[in-house]
Amino acid sequence: MTYDPTSPLSDADATEAHRLITEAYASPAAPAAPVPPVPAVTSYRDTAPLPAYGTAQPVVQQGRPPMSQKATDISAVMLAGSVASVPVGGITCLVLWTLDAVNPLNLALGASAPVAVLLAAGALLSRLKGVHTEHHHHYSGPVHQDLSTATTNTVKGVVAVNCTRHDSR
């Protein structure tokens, strides 16, 4: 049945519509028996026993992959350094762009130069993994250790003043 809002309802349709509207707006019938209120749950303790540890492999979790503490620290420093360099580069870019002191090609080259330097430094540091700076000396006998500090001062012009300080222990 299709309803045409421009034509009036027949008496049978009007009576049915009146009945449906009256039922919809009538107060609900009182329940047969009062329903007791449900207490609000404020906490829950799971009493099921914890699962035993098995031989299953660990499941890969979302997010960063598991790394050593050293790798995590280096990664955090790199992320902080990259975030800290964005405002400086952005401000420099805006100042130069505003002053019309640079064209887009020079700006792109200038922006990529620090990245190239960091990549080169990273490649150099990755090759130095086998280099150890800590060394030990083992002596058998009396030892005299001479700690000398030599300082050169050229602040006074052309004449250089050398000062050697001997610190014997």
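Numbers here simply count residues along the sequence, with the first being 1. All figures in this text were calculated on a predicted structure; none of them were measured in a lab.
- Side-chain atoms of Thr15 come within 3.5 Å of backbone atoms of Asp11 as a donor-acceptor pair (strictly under, hydrogens ignored).
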Check: residues 83-90 side-chain donor-acceptor pairs under 3.5 Å, at least two apart:
{"unit_1": "Ser85", "atom_1": "OG", "unit_2": "Ser82", "atom_2": "O", "d": "2.9"}

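- Rounding to the nearest 0.5 angstrom, the gap separating the OG atom in Ser68 from the CD1 atom in Ile74 is 7.5 Å.
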